[in-house]
Amino acid sequence: MKIAVIGAGYVGLVTAACFSEFGFQVKCIDRDKGKIKSLKKNIIPIYEPGLIDLVKKNNDSNYLSFSANISDVTDAKVIFIAVGTPTARRGNGEADLKYVYKVCKELSVLLKKGKPKLIITKSTVPVGTGKKIKEKFEQYRNDLIFNKDYYIASNPEFLREGSAIEDFMRPNRVICGVSNETSIEILRELYRPLNLRETPLVFTDLESAELIKYASNAFLAMKISFINEMADLCEKTGGNVQMVAKGMGLDNRIGSKFLHPGPGFGGSCFPKDTRALYNSFKKFKVKNSLVKSTIEFNERRKLQMVSKIKKILGKNIKIKRIAFLGVTFKPNTDDLRESPSLVIIPELIKLGAIVHAHDPAYTKSFPKLKEFKKVKWFKNVFGAIKTSDLLLIHTEWNEYRGLDMNKVKKVLRQPIIFDLRNIFNKNDIQKFGLKYYGIGFK
Ligand code: NAD
Ligand code: UGA
């Protein structure tokens, strides 16, 4: 089967690479000509473990190819739309669907009658979008016959950055929102390679599939905000949030995942998707307080981290040097979208602190961000730590877990560590003569 994937970002590129690995003929299309030029030469624009090998292997064996020309979709039976759906610049947090609709408009011109195709949204889109997409196509081309020549389906993606390939190849479930039997047959054929692993393939209507994606992200985000609130209570009462999370997580009904406290959730999805879901509640006039609280708490959380740093460094935060380790929103990615560091660093700089940063996925684009303008970057982690007054762990990269604490103690100006991810054990660190602060315990 020939597949086209429109959008060569984190989701589009992984989808294209993985389907080509399954032996399908995949064309990955992006309007960004520079990106396509690089991809043709096996140069990957993003940091995603394992992706380069998969792209290279399948590009070289012609299962995967790249194009900047959307008209190259015409011989594909299945077309995935995997373009971005960021928060709209103006508005109440709703998802901006302009990229999705632009693709629909471009596709409508190219589609020919009588050659059945399945058009699948992989992008995360608000409930009702699948139906709107169909209306848009009909608006652009009233001669297209849906449920005869064309079918629309929703197949939301649940991969995580940093483990995208594993998540795509071994998903907990595949959700398919469909409106007819032919769509079910095509989707079964597409995901047959996962049958060996007995992956549940769940067929729903379009609306439920769209809602499952938002509900899943919002629920996980809510879990994080919940444990962060518990961490605050632990700090006041003498409890230890890691023990609380462990004790809660052993209950199968709760589960231990997404109960790690920290500086708040970031990334290209939880923040925007919780906002978009809250917007759907408002749009359809359904009362909601849980998603709203999750968003509001998470916004406060980042500033709360700044208050904690202020408390640790005292009034003299001005001219104090902070070694800021990890700026991405999570490890194993170079993605900075909505990373808590984008709020915390400018606040520290406003207070007069000097930020020395390090990140294993550093790229030349980092210092170009206005939030990081005054940051001094170091290639070597000890370069950032040397003569600093505080070592702050913002992202739990593996590289930081094994830091030589004798050396850390020796090169820091003040022997203080603030670990926003609790990657170290307080007692272990104190043995090196370092003062240690973490999240959710005294
Ligand atoms: P991204 O910004 O990394 O990539 C989007 C790509 O689409 C860009 O390369 C852009 O150039 C391209 N594009 C935009 N308009 C186009 C057009 N008209 N024709 C061709 N290409 C076009 O986005 P992403 O992170 O891959 O996210 C894509 C969607 O998947 C979003 O809806 C997101 O919510 C969802 N999602 C993302 C993740 C993730 O981990 N990033 C996981 C699950 C779902
Ligand atoms: C998340 C979901 O986990 C994916 O299932 C989903 O497909 C994706 O969003 C999406 O829709 O784009 P991702 O954003 O890559 O994936 O990363 P996560 O591992 O979920 O982490 C998100 C944020 O939550 C990070 O900032 C992370 O540090 C934070 N987090 C996560 C915590 O603070 N505590 C936790 O216990 C887990």
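Both counts, for ligands and for their atoms, begin at 1 and track the order of listing. Count residues from 1 along the sequence.
When Asp96, Thr85, Val83 are checked for heavy-atom proximity to atom 29 (C) of ligand 1, Val83 turns out nearest. The heavy atom nearest to atom 18 (N) of ligand 1, out of those in Asp167, Val103, Asn217, is found in Val103.
In this structure, Gly262 has no heavy atom closer than 4.0 Å to ligand 2. Distances shorter than 4.0 angstrom occur between a heavy atom of Ile224 and an atom of ligand 2. Heavy atoms of Glu396 stay at 4.0 angstrom or farther from ligand 2.
The closest donor-acceptor contact from the side chain of Asp419 to the backbone of Phe424 lies under 3.5 Å.
At a heavy-atom distance under 4.0 Å, no atom of Glu338 approaches ligand 2. For Leu13, no heavy-atom contact with ligand 1 is shorter than 4.0 Å. Contact annotation for Lys330 and ligand 2: only side-chain heavy atoms (C-beta onward) come within less than 4.0 Å of the ligand. Of the heavy atoms in Arg160, none comes closer than 4.0 Å to ligand 1. Residue contacts with ligand 2, taken as heavy atom pairs separated by less than 4.0 Å, do not involve Lys223 at all. Contacts with ligand 2 closer than 4.0 Å are made by no heavy atom of Asn228, backbone or side chain. Contact annotation: for Leu259 versus ligand 2, heavy atoms closer than 4.0 Å belong to the backbone alone.
For ligand 2, the polar-atom distance check against Leu220 finds no nitrogen or oxygen pair separated by under 3.5 Å. Ligand 2 has no N or O atom lying under 3.5 Å from any N or O atom of Phe265, backbone or side chain. Here's the thing with Gly264: none of its N/O atoms is less than 3.5 angstrom from an N/O atom of ligand 2. For the pair Asp32 and ligand 1, the shortest N or O to N or O distance does not fall below 3.5 Å. Residue Phe329 places at least one N or O, backbone or side chain, under 3.5 Å from an N or O of ligand 2. Backbone and side-chain nitrogen or oxygen atoms of Glu161 are examined, and one is located within less than 3.5 angstrom of a nitrogen or oxygen of ligand 2. Considering backbone and side-chain N/O atoms, Thr124 comes within less than 3.5 Å of an N/O atom of ligand 1.
Taking atom 5 (C) of ligand 1 as the reference point, the nearest protein heavy-atom neighbour is Gly84 N, 3.7 Å. Looking only at protein heavy atoms, the nearest one to atom 19 (N) of ligand 1 is Ile6 CG2, 3.8 Å. Of the protein's non-hydrogen atoms, the one nearest atom 39 (C) of ligand 1 is Glu161 OE2, 3.6 Å. For atom 2 (O) of ligand 1, the closest non-hydrogen atom on the protein side is Arg337 NH1, 3.5 Å. Of the protein's heavy atoms, Asp30 OD2, 3.6 Å lies nearest to atom 6 (C) of ligand 1. Atom 7 (O) of ligand 1 has its closest protein heavy atom at Gly7 CA, 3.5 Å. Closest to atom 30 (O) of ligand 1, if we only count protein heavy atoms, is Val11 CG2, 3.5 Å. Given atom 15 (N) of ligand 1, the protein heavy atom at minimum distance is Arg31 NE, 3.5 Å.
Heavy atoms of other residues, nucleotides or ligands lying less than 6.0 angstrom from OH of Tyr63 number 12 at most.
No salt bridge links Lys131 with Asp205; every basic N to acidic carboxylate O contact stays at or beyond 4.0 Å. Salt bridge absent: Glu189 and Arg192 never bring a charged side-chain N and a carboxylate O closer than 4.0 Å. Using a 4.0 Å cut-off between charged nitrogen and carboxylate oxygen, Lys302 and Glu299 count as a salt-bridge pair. We find that Glu106 and Arg31 are not joined by a salt bridge, their nearest charged nitrogen and carboxylate oxygen being 4.0 Å or further apart.
Using a 4.5 Å heavy-atom cutoff, the side chains of Thr204 and Leu211 are not in contact.
In this structure, His358 and Tyr400 have perpendicular ring planes: the angle between them is above 60°, well past the 30° mark.
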